[in-house]
Asks: 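Input: one structure, supplied below.
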Protein chains: 2
Amino acid sequence: MTTLRDLSQRLGLSVTQVSRALNNHADVSAETRERVQAVARKLGYQPNLSARRLATGRSGMLGLVLPDIPQEPEDGMFVQIVGGLSQRLARLGRQFVLHIADPQDDIVEVYRRLIGGGAIDGFVLLEPEIRDRRVAFLRQAGVPFVIHGRVEDPEDYPYYDIDNRSVAQQLTGHLVAAGHRRIAFLNGPKTRTYAVSRRQGYRMALAEAGIEEERDLHRFGPMSEAQGLLAGVSLFGEGGPRPTAVVCGNTRLAKGLLQALQAIGLSVPAGVSVVVHDDQLPGLKSEAMDPPLTATCSPLAESWPHLARILVAAVDGAQLSALQLLGHVEFNERGSVSVCRDVPAVLVR
Amino acid sequence: MTTLRDLSQRLGLSVTQVSRALNNHADVSAETRERVQAVARKLGYQPNLSARRLATGRSGMLGLVLPDIPQEPEDGMFVQIVGGLSQRLARLGRQFVLHIADPQDDIVEVYRRLIGGGAIDGFVLLEPEIRDRRVAFLRQAGVPFVIHGRVEDPEDYPYYDIDNRSVAQQLTGHLVAAGHRRIAFLNGPKTRTYAVSRRQGYRMALAEAGIEEERDLHRFGPMSEAQGLLAGVSLFGEGGPRPTAVVCGNTRLAKGLLQALQAIGLSVPAGVSVVVHDDQLPGLKSEAMDPPLTATCSPLAESWPHLARILVAAVDGAQLSALQLLGHVEFNERGSVSVCRDVPAVLVR
DNA sequence: GACGTCATCCGAAACGCTTTGGACGATAAC
DNA sequence: GTTATCGTCCAAAGCGTTTCGGATGACGTC
């Protein structure tokens, strides 16, 4: 292994100057810099990361901790995440450490161990929850991180997110504009911050139109095909509240819902109007469904480059304003919504 | 962060003794060891991995390098691999580093960079090829690794594998015993060592029965459903060689083949006999197929714990004999094979 | 009493890097 | 001619750990 000392001896320079030359410091002449870098390249010099870390306190390793091995059907997305992050971070000269925790371990302890060893500079946090313990711990410990999503105020941390409130408001509003007043919402798990934001958007859209929210039409749960199917049956099956339209939190839920509707004998959009938020999950595109669904669209895959970039910047101590980003959301109308001719439920009762 | 020096001051001992006490060295009294470990626990001492690495030359990090982001349908398996390895290594007190290379980078350069930085102690190598460049490089560089599979002789390196030659021989032999003489083999990619081993097994079984190999019945290619389908059509469609039985390299190939056979109107086992090697890929079990397939079975998921254990032992400098393992293979007869009544092709011609 | 043995401890060096504080000429400013 | 400034360089300290080569004292042996 070539070390700085090897280079310095070969060049007749001090170790100091060689180090500075390689790291593009100011006080080294252009000529020396060239010479040093040429020799370094020739000898295939690679800085020893451990030594660097010991001197600087930084290891160049960024981590992702998962609480358990992902199972179907989320595992495909997991590949995208891990692959995207790893590749992006590699391009930024960092290394990616994946840690899959023991499910029975306390997650905060896992983080404590990882930063305690000094092996990891910062973390990507997925699926933030309200009052997220990881966020609280890392913030207090002064360890850099970036959240995929956001937590409750104050928003004084790096994140990449989409405007979930606006997404829900837009989708719900679109149905309201078509005359619907009894609109179901298949939301995500109650403890997830994005589900909370979306609830706000849903409510705002209803409130704007003077519609009173029906508790039974708002369902929280995992964003899975199974959940979509179950919710669909429960909403539209016998004894169900039978709304006239449904907002789906993602395309997996939508797929399940469409199956339920088909089984029940309801067609879209004639019988029920359906809109969805589309993360562009692999193999589950809203435009390829039957019928193609009107959707807000924001590819999940766009997140990873941003998360990588933001995390690296955060570790390097960039300004907070440079570390917060809201992704772009498109709205695509595709004819899965029909004008509602039903007499408002309130009058029926 | 608590350091050895903190502990030593607090205990009135030298840093040396504290270090030795924590690492269970010989020349430290039982009483001191207890005391040291108690205080270390209390202060939540975590050894600084970078410092340790600098002193020992080991970082405690083990790596897996993938040439690109896995795509469907292999991505599910990838999750199992990465998840399994990461979790197992964590339990052994090591960290797992996943590196997804840029597809355009030379793979050996990627390894060179990773070990050059001194960040990684050893590697897990997946999908070995004949004359594998990674193996050549790592062996020459003296970097520990474990192969999932094997390469050509000499076998002086750590591996976990199954006896692929025997698997192919067993499956082919089973068909031979049922009277089949024109047996197709859907094998893996030609450059993979396991495909080479399986070819040997296939040939041995044929040779034993005095059957001459027909070139056109032995197909190499990706072990995908699509490939199984295409091969099925090409073998049994119009103008195809129409063997009486097929050995499938894995259940994905088998699934595709069964689709092709159904489309063509051939039934299993009445029309064609089919056997398969089953890696227990998620959602693709040989016993759940239609019909359930006679199979050799060796769960891929069993590999990860072994690979993790072996790699750690290799880094720790264990004897070679402790580092080589052949996994268990079961044979399950399920009735997808019928006795062959066809007149041997040679007599027809 | 001299010697060897043993258990237990310690100081100091080493790993490869960054960074601090200053040295040394050359040039510009007064 | 003195002083300040600037560009370029270097020695040395320090990061936290392991490890080598002793040091020390207690004890038993002859």
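Worth saying up front: this structure is predicted, and the values here are computed from it rather than measured. We use all heavy atoms of the structure for the numbers below, so side chains are in, but hydrogens, waters and symmetry mates are not. Protein chains get the first letters and strands the later ones, always in sequence-line order, with residue 1 at the start of each.
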Asks: Between Val28(A) and Gln46(B), name the one whose nearest nucleotide on DNA chain D is closer to the 5' end.
Replies: Val28(A)
Asks: Any carboxylate oxygen within less than 4.0 angstrom of a Lys/Arg side-chain nitrogen, looking at Asp106(A) and Arg112(A)?
Replies: no
Asks: Please report the distance, rounded to the nearest Å, between CG in Leu7(B) and P in dC9(C).
Replies: 15 Å
Asks: Scan side-chain atoms only and decide if Thr16(A) and Ser19(A) contain a donor-acceptor pair under the 3.5 Å cut-off.
Replies: no
Asks: What nucleic acid atoms does Thr16(A) come within less than 4.0 Å of, heavy atoms only: base, sugar-phosphate, or nothing?
Replies: base
Asks: For Ser14(B) and for Pro47(A), locate the closest nucleotide of DNA chain C by heavy-atom distance; then report the residue assigned to the nucleotide nearer the 5' terminus.
Replies: Ser14(B)
Asks: In whole Å, what is the span from the CZ atom of Arg53(B) to the C1' atom of dC15(C)?
Replies: 9 Å
Asks: Within the structure, does a side-chain N or O atom of Gln17(A) lie under 4.0 Å from either OP1 or OP2 of dC9(D)?
Replies: yes
Asks: Can you say whether the rings of Phe145(B) and Tyr157(B) are parallel (under 30°), tilted (30 to 60°) or perpendicular (over 60°)?
Replies: parallel
Asks: Regarding Asn48(A), tell me which of base, sugar-phosphate or nothing describes its non-hydrogen contacts under 4.0 Å with the strands shown.
Replies: sugar-phosphate
Asks: Can you check the Leu22(B) CG to dT18(D) P distance for me, whole Å?
Replies: 8 Å
Asks: Among dT18(C), dT19(D), dG16(D), find the nucleotide with the atom closest to the side chain of Val15(A).
Replies: dT18(C)
Asks: Contact class for Leu13(B) vs. all strands (heavy atom < 4.0 Å): base, sugar-phosphate, or nothing?
Replies: sugar-phosphate
Asks: Please state how far atom CE in Met1(B) lies from atom C1' in dC15(D), giving the value in whole angstrom units.
Replies: 9 Å
Asks: In whole angstrom, give the distance that lies between atom CG of Leu54(B) and atom P of dG14(D).
Replies: 17 Å
Asks: Under a 4.0 Å threshold between the charged nitrogen and the carboxylate oxygen, would Asp132(A) count as salt-bridged to Arg192(A)?
Replies: no
Asks: Nearest-Å distance, NE2 (His25(B)) to P (dC6(C))?
Replies: 20 Å
Asks: In this structure, how many angstroms lie between the P atom of dA14(C) and the CZ atom of Arg58(B), rounded?
Replies: 21 Å
Asks: Using a heavy-atom cut-off of under 4.0 Å over every strand shown, decide if Thr32(B) touches base, sugar-phosphate, or nothing.
Replies: sugar-phosphate
Asks: Charged N to carboxylate O under 4.0 angstrom, Arg53(A) versus Asp121(A)?
Replies: no
Asks: At less than 4.0 Å, is any side-chain N or O atom of Ser29(B) found next to OP1 or OP2 of dC9(C)? Yes or no.
Replies: yes
Asks: Check every atom of dG16(D), dT8(D), dG16(C) against the side chain of Asp27(A) and return the nucleotide holding the closest atom.
Replies: dT8(D)
Asks: For Arg5(B) and dG16(D), is the shortest distance between a side-chain N/O and OP1 or OP2 below 4.0 Å?
Replies: no
Asks: Have a look at Arg20(A) and say if it touches a base, only the backbone sugar-phosphate, or nothing, with a 4.0 Å heavy-atom cut-off.
Replies: base
Asks: Expressed in angstrom and rounded to an integer, what is the separation of Arg33(A) atom CZ from dG7(D) atom P?
Replies: 13 Å
